[in-house]
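To keep things clear, I will list the structure first and then write my remarks on it.
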Amino acid sequence: IVLILLEPDLGTSLFVSALAVVMLGLAGIRPGRLLPLALVALPLLVAVAASKFRHVNERLSFFTEGVRPGEQQWQGLVALGSGGVLGAGLGAGTQKLGRVAEMQNDFIFTLIGEELGFVGCASVIIAFMALVVYGKRIAERAHAASGLFPFFLACGATFAVGFQALVNMAVATGSAPNKGVSLPFISVGGSSLVTAFVAVGLLVNVARTVAAEEAGDPWG
């Protein structure tokens, strides 16, 4: 987390920190034990934020002062709202033609809204919600049948993919400041895609292992 923060990449470091806090909470750690770590990390976070103060301030001003969001987020909202119910059609979007910077990465959800409309956006949201629901069920079954490690593995994989998707869509819809987080399985990027597939692969492996143990087959 420190190395990511020093890069500097405030958004990714906050995402990884949230994942770490969730996993520590599931492990039953007392909040008081996190206090020394927080006291060490907070000055570093403040120092990095100060070095990027203008950048961070521009992203937060839309929420704190009600001013118009940055050009990237504003054009993304235009793309998202122009799709209507069914969208302009796959490949027929125009905002991707240089109007929204890095639309293939952080703002790919706005392209879905422009080309596939409300139906396309709702389908993506439902798909990620289904992944989280089934991940939660797999984690619960793993806790009952296999113990703590498969439970933590399932929880971590589910939270990593689900929370990343939530943050990305929140940014694209103007519900959160821009954090530069990609949308799993959809945004361009080889390493991001591999990471998402690894997380889901671990989740599927836990599900298969739990199913085999419940069926009394130790070899799966």
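Sorted by first then second residue, the salt bridge (charged side-chain N to carboxylate O under 4.0 Å, His left out) pairs that include residues 107-136, not counting sequence neighbours, are Lys96-Glu115, Lys136-Glu140. Sorted by first and then second residue, the ring-ring contact (aromatic ring centres under 6.0 Å, His included) pairs with a member in residues 185-206 read Phe185-Phe197; sequence neighbours excluded. The ring-ring contact (aromatic ring centres under 6.0 Å, His included) contacts involving residues 85-116 comprise nothing, where partners must be two or more places apart or lie in separate chains. Residue pairs meeting the side chain to side chain donor-acceptor pair (under 3.5 Å) criterion with at least one partner in residues 83-93, sequence neighbours excluded, are absent.
Applying the under-4.5 Å side-chain rule to Ile, Leu, Val, Met, Phe, Trp and Tyr, the cluster around Tyr134 consists of that residue alone. In the hydrophobic clustering (ILVMFWY side chains linked at under 4.5 Å, chained through shared members), Ile138 is joined by Phe149, Leu153, Val194, Val198, Leu202, Leu203, Val206, Val210.
Contacts of Phe152 classified as ring pair (Phe, Tyr, Trp, His ring centres under 6.0 Å), with partners at least two apart in sequence or in another chain: none. For Gln164, the side-chain hydrogen bond (donor to acceptor under 3.5 Å, both in side chains) partners two or more places apart in sequence, or in a different chain, are Ser182. Here Thr173 pairs with Ser175 under the side-chain hydrogen bond (donor to acceptor under 3.5 Å, both in side chains) rule; sequence neighbours left out. Not counting sequence neighbours, the partners of Val133 by the side chain to side chain contact (heavy atoms under 4.5 Å, CB included) test are Arg137. Qualifying ring pair (Phe, Tyr, Trp, His ring centres under 6.0 Å) partners for Phe128, counting only residues two or more places apart in sequence or in other chains: none.
With contacts defined as side-chain heavy-atom distances shorter than 4.5 Å, the pair Leu148/His143 qualifies. No side-chain heavy atom of Val171 sits less than 4.5 Å from a side-chain heavy atom of Asp106. Looking at Ile186 and Ile112, their side chains come closer than 4.5 Å, going by heavy atoms from C-beta outward.
Summarising the geometry of Ala157 relative to Ala199, their closest heavy-atom pair is CB-O, 3.4 Å, with the distance given to 0.1 Å.
Follow the hydrophobic side-chain contacts under 4.5 Å out from Phe118 and you never reach Leu111; the two are in separate clusters.
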Next item on the list: Please report the C-alpha distance between Thr110 and Leu77 in whole Å, then the side-chain angles of each, then the deciding distance to 0.1 Å, and finally whether the side chain to side chain contact (heavy atoms under 4.5 Å, CB included) criterion is met.
Entry: CA-CA 7 Å; Thr110 63; Leu77 291 175; over 6 Å; no

Would you list the atom pairs, donor with acceptor, under 3.5 Å between side chains in residues 78-87 and any protein atom, with sequence neighbours excluded?
residue	atom	partner	partner atom	Å
Ser82	OG	Val78	O	3.2
Ser82	OG	Ala79	O	3.0

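Interatomic distance, Leu183 CG to Met169 CE, rounded to the nearest 0.5 Å: 6.0 Å.
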